Amino acid sequence: ANDWTLERRLESPILEEQVDQRIEVVGIQELHVAQNRLIQDPWDEDCFALSNGSGGDNRLRHHLVVIDVGIEAHIDNEIAQQSDLLTLAPRLECSCLAEWLVQPIVATLLGLGFPIRRSNDPDDPTAFAAGPFMLFRHSSYLAIGGHRGVASEVVEDLALARKIKQSQLRLRYLLGVDLVDLQMYRTLAALWEGWTKNWFLGVDRNGFKAVGSVGVVLLLFAAPWLSAAVLLLQWVLLGSVLRPTLAAVLASLVLVLAIRLWSAWRFGTPIRYWWLSWLGALLIAAIVPASIWKTTTGRGWTWRGRQLEG
């Protein structure tokens, strides 16, 4: 089957600085870019639209791909032409310590909270789209109103996926860890701003779900290490620990490692710094209430310095 490789890089379109693009097409002699514009101009400086125009593979002449800054993807035409919206979960790349602490836990939560099978089931209301890569059938994109139809939504990728399903169109959500790489945040400050912007919206502004997500994270990733610290202190002070207690604590630490290994296998997130997962859990525990506060009050609810409204 023919396939295509797309890569886009963006410096700062809002400031009209130079944009560097590279498009490679494998198996297609020619791809004409009919559109090259900001999808949500001027309120989103991340997303681009590339529309397949005349020439090339006619089966994809009427598709629109929405990709994030710095995304590289390698997509099979046969999969694409069967979808009204094809979205790929990327492999999350980490560079700073904050990313290593938080992103693997987030990948695990997304995998559990938005099961791929349910998202792909047309009879199940669960819908998820990974914003870094969304390939629309152009007619379907127009039918749901495109990005302007969700202009009031901060987490527009989820809104688009839901509109696709509500319109009885075909949503395909697949793992793309071997196809798409993404680095979301490069600093702790950027990670804090990004997740405090999105977290509460991602659980539909549901306080119970938000608190529950914190509880799950602390239970799975922080409690085992806290138990180990208490056990170590007991051994230092008393010189002995109960074997059943020791066995239970060791088992919980093995479970932490097992979860990270599963995430690495499923989503391509390496297990580096897995022993600091307790710190990542504590950081998420701070992010969630901050997200609730920002989203509810609007105070400090920003993205890249721009005040958000919702």
Side-chain angles (χ1 to χ4, degrees), residues 68 89-115 128 130-132 155 158 175 177 180-203 206-233 248-295 300-303:
D68 246 357
R91 176 192 289 112
L92 296 178
E93 293 187 341
C94 303
S95 60
C96 67
L97 180 60
E99 283 188 300
W100 282 110
L101 295 177
V102 171
Q103 298 298 78
I105 296 177
V106 170
T108 301
L109 292 179
L110 290 177
L112 296 175
F114 296 95
F128 184 81
V155 187
L158 288 179
L175 286 177
V177 295
V180 183
D181 295 321
L182 170 68
Q183 182 175 3
M184 295 179 65
Y185 311 111
R186 297 182 183 276
T187 65
L188 174 59
L191 182 142
W192 178 267
E193 184 183 33
W195 283 122
T196 55
K197 171 178 73 78
N198 289 335
W199 199 288
F200 194 44
L201 294 177
V203 294
N206 186 308
F208 178 78
K209 290 182 179 179
V211 173
S213 67
V214 173
V216 169
V217 169
L218 290 176
L219 180 64
L220 290 178
F221 297 100
W225 296 104
L226 176 61
S227 300
V230 171
L231 197 66
L232 178 61
L233 180 62
V249 170
L250 290 177
S252 66
L253 294 177
V254 170
L255 178 60
V256 173
L257 178 58
I259 292 173
R260 288 295 301 270
L261 287 171
W262 174 80
S263 181
W265 166 73
R266 186 68 169 165
F267 304 109
T269 53
I271 63 170
R272 187 177 180 184
Y273 297 122
W274 74 273
W275 60 89
L276 292 178
S277 56
W278 60 273
L279 188 54
L282 293 179
L283 184 53
I284 290 174
I287 285 172
V288 174
S291 180
I292 295 173
W293 168 258
K294 288 183 177 183
T295 307
W301 197 31
T302 62
W303 178 233

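Everything numeric in this text was worked out from a predicted model, so none of it was measured.
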- [ ] Tell me, please, which residues at least two apart from Thr302 pass side chain to side chain donor-acceptor pair (under 3.5 Å).
- [x] Glu193
Please report the shortest heavy-atom distance between [X] and [Y], naming the atom on each side.
{"X": "Ala286", "Y": "Trp192", "answer": "O-CH2, 3.5 Å"}
{"X": "Gly268", "Y": "Val177", "answer": "N-CG1, 4.2 Å"}
{"X": "Arg260", "Y": "Pro270", "answer": "NH2-O, 3.0 Å"}
{"X": "Gly202", "Y": "Leu158", "answer": "CA-CD1, 4.4 Å"}
{"X": "Ser263", "Y": "Thr269", "answer": "OG-OG1, 2.8 Å"}
{"X": "Gly280", "Y": "Ile105", "answer": "C-CD1, 4.0 Å"}

TODO: Kindly check if the number of other-residue, nucleotide or ligand heavy atoms within 6.0 Å of CH2 (Trp195) is above 12?
DONE: yes
TODO: Might you work through the side-chain contact (heavy atoms from CB on, under 4.5 Å) test for Phe128 and Leu110, ending with a clear yes or no?
DONE: CA-CA 9 Å; Phe128 184 81; Leu110 290 177; 4.3 Å; yes
Open item on the list: Let's go through Leu188 and Leu283 carefully: what are the C-alpha distance in whole Å and the side-chain angles of both, what is the deciding distance for side-chain contact (heavy atoms from CB on, under 4.5 Å) to 0.1 Å, and is it a yes or a no?
Closed with: CA-CA 10 Å; Leu188 174 59; Leu283 184 53; 4.0 Å; yes
Which value, rounded to the nearest 0.5 Å, describes the distance between [X] atom [atom1] and [Y] atom [atom2]?
{"X": "Leu101", "Y": "Trp274", "atom1": "CG", "atom2": "CH2", "result": "14.0 Å"}
{"X": "Tyr185", "Y": "Leu92", "atom1": "OH", "atom2": "CG", "result": "10.0 Å"}
{"X": "Cys94", "Y": "Met184", "atom1": "SG", "atom2": "CE", "result": "10.5 Å"}
{"X": "Leu218", "Y": "Ser213", "atom1": "CG", "atom2": "OG", "result": "9.5 Å"}
{"X": "Leu97", "Y": "Thr187", "atom1": "CG", "atom2": "OG1", "result": "12.5 Å"}
{"X": "Leu257", "Y": "Ile271", "atom1": "CG", "atom2": "CD1", "result": "5.5 Å"}

- [ ] Mind running side-chain contact (heavy atoms from CB on, under 4.5 Å) on Ile287 and Leu191 for me, showing each step along the way?
- [x] CA-CA 10 Å; Ile287 285 172; Leu191 182 142; 4.0 Å; yes
- [ ] Would you confirm whether Gln103, through its side chain, and Glu99, through its main-chain N or O, come within 3.5 Å as a donor-acceptor pair?
- [x] no
TODO: Would you confirm whether Ser291, through its side chain, and Thr196, through its main-chain N or O, come within 3.5 Å as a donor-acceptor pair?
DONE: yes
Open item on the list: Taking the side chain as everything from C-beta on, heavy atoms only, tell me whether Trp199 gets closer than 4.5 Å to Ile284.
Closed with: yes
- [ ] Just say parallel, tilted or perpendicular for the rings of Phe267 and Trp262, cut-offs at 30° and 60°.
- [x] perpendicular
Show which side-chain atoms of residues 219-226 pair as donor or acceptor with protein atoms under 3.5 Å away, not counting sequence neighbours.
unit_1: Trp225; atom_1: NE1; unit_2: Ser277; atom_2: OG; d: 3.1

